[in-house]
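Have a look at the structure below, then the notes.
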There are 2 protein chains.
Amino acid sequence: MNSIDEATRLQIMRLLADNPELTQRELAEALGISLGSAHYCLRALIRTGLVKADNFRHSSNRRRYAYFLTPTGLAEKVRATRAFLERKQAEHEALQQEIARLRQELGEERS
Amino acid sequence: MNSIDEATRLQIMRLLADNPELTQRELAEALGISLGSAHYCLRALIRTGLVKADNFRHSSNRRRYAYFLTPTGLAEKVRATRAFLERKQAEHEALQQEIARLRQELGEERS
DNA sequence: CCGAGGTTGTTCATTCCCTGAACATGCATG
DNA sequence: CATGCATGTTCAGGGAATGAACAACCTCGG
């Protein structure tokens with residue numbers, strides 16, 4: 001994940017909003033990407049001030065960081081969600097047209 | 001395009017079915033992929049007998065090949081179109097759910 | 001005929017991005 | 001203290017995509 005993918009960024013923010021104690025490995029698995037990519041993307045979020053990594057060594061378990069969205073991060077999450085929704089709606093419409101075209105091409109009724 | 005992408009293969013076959021005189025460069029541009037990828041994918045189609053390259057040096061223009069779908073290619077195109085349609089329908093439904101979830105998350109009415 | 005110019009197919013070094021194994025670090029437990 | 005373990009961090013390696021460069025062929029004007 002180099003040219004930080006917008007969708008991945010957003011998914012990470014959404015996951016962390018609900019569960020800040022997720023591990024990088026858990027994030028990676030949840031998103032279906034590699035550990036390296038998750039790390040890189042998370043690093044970018046921290047660098048740009050959208051996520052803050054709080055370490056809690058006093059905690060009883062061995063996890064070292066909890067990744068909280070900053071206020072800026074929360075706002076960005078809303079903004080990105082809106083943009084993402086718009087893209088998804090466009091995709092949805094395009095798909096509808098494509099499906100209609102394919103159906104016509106096959107000369108079939110709707111299943 | 002190494003592990004020959006199913007979708008790309010199908011798109012090429014669909015384009016050629018309507019216009020066998022398309023250039024590799026034109027195919028690439030139409031699909032939004034590189035010349036090298038289009039070449040590679042077309043080569044695979046020819047190798048597997050789905051497309052036949054007819055050269056017509058006697059033609060008045062300078063293009064060298066017309067890429068026709070073979071009978072096998074035509075059948076494969078229908079089969080692949082069906083599979084493609086099914087995938088697209090699944091995508092469509094998944095998108096619908098995702099859009100609903102995003103809308104709810106944003107607490108917005110439908111636009 | 002010939003050479004210049006143009007169009008196309010073909011190759012392949014380069015780039016980009018992802019992957020996950022290996023390593024570093026800190027905590028808990030005995 | 002030492003061992004084990006969960007986690008964060010790094011980075012060499014590989015696969016796929018790119019497009020510049022090359023090869024082959026055609027046309028056309030001279």
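Order of the sequence lines fixes the chain letters, A, B, ..., with proteins taken first and strands second; residue numbering starts at 1 for each chain.
Qualifying side chain to side chain contact (heavy atoms under 4.5 Å, CB included) partners for L15(B), counting only residues two or more places apart in sequence or in other chains: L22(B), L27(B), A30(B), L31(B). Remark: E86(A) pairs with no residue by the side chain to side chain donor-acceptor pair (under 3.5 Å) rule, at least two apart or across chains. The side chain to side chain contact (heavy atoms under 4.5 Å, CB included) check on A83(B) picks up R79(B), with sequence neighbours excluded.
Between the CD atom of E21(A) and the C1' atom of dT7(D) there is a distance of 13 Å, given to the nearest Å. Look at CZ on R64(B): it is 13 Å from P on dA23(D), rounded to the nearest Å. Rounded to whole Å, atom P of dG9(C) lies 18 Å from atom OH of Y40(B). Spacing between atom CG of L16(B) and atom P of dG9(C) amounts to 11 Å, rounded to whole angstrom units. Going from atom CD of E29(A) over to atom P of dT19(C) covers 13 Å, rounded to whole Å. The distance between atom CD1 of I46(B) and atom C1' of dG9(C), rounded to the nearest whole Å, is 10 Å.
For residues 74-107 of chain A, the ring pair (Phe, Tyr, Trp, His ring centres under 6.0 Å) pairs, not counting sequence neighbours, are H92(A)-H92(B).
Minimum interatomic distance between A53(A) and I46(A) (heavy atoms only, all atoms of both residues): CB-CD1, 4.0 Å.
L95(B) belongs to a hydrophobic cluster with L95(A), counting contacts under 4.5 Å between side-chain heavy atoms of Ile, Leu, Val, Met, Phe, Trp and Tyr, direct or through other members.
At the phosphate of dT18(D), OP1 or OP2 sits under 4.0 Å from a side-chain N or O atom of S37(B). For dT8(C), one of the phosphate oxygens OP1 or OP2 lies less than 4.0 angstrom from a side-chain nitrogen or oxygen of T23(B). Between dT25(C) and Y65(A), no contact under 4.0 Å exists linking OP1 or OP2 to a side-chain N or O.
For R25(B), taking side-chain heavy atoms from C-beta onward, the closest of the listed nucleotides dG20(C), dG8(D), dT10(C) is dT10(C). Each of dA17(D), dT9(D), dT7(D) was ranked by its minimum atom distance to the side chain of Q24(A); first place goes to dT9(D).
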Using a cutoff of under 3.5 Å, can you pull out all pairs of nitrogen or oxygen atoms linking the protein to nucleotides 11-15 of chain C, with atom names and distances?
none

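Counting heavy atoms from C-beta on, the side chains of I99(A) and E91(B) never come closer than 4.5 Å.
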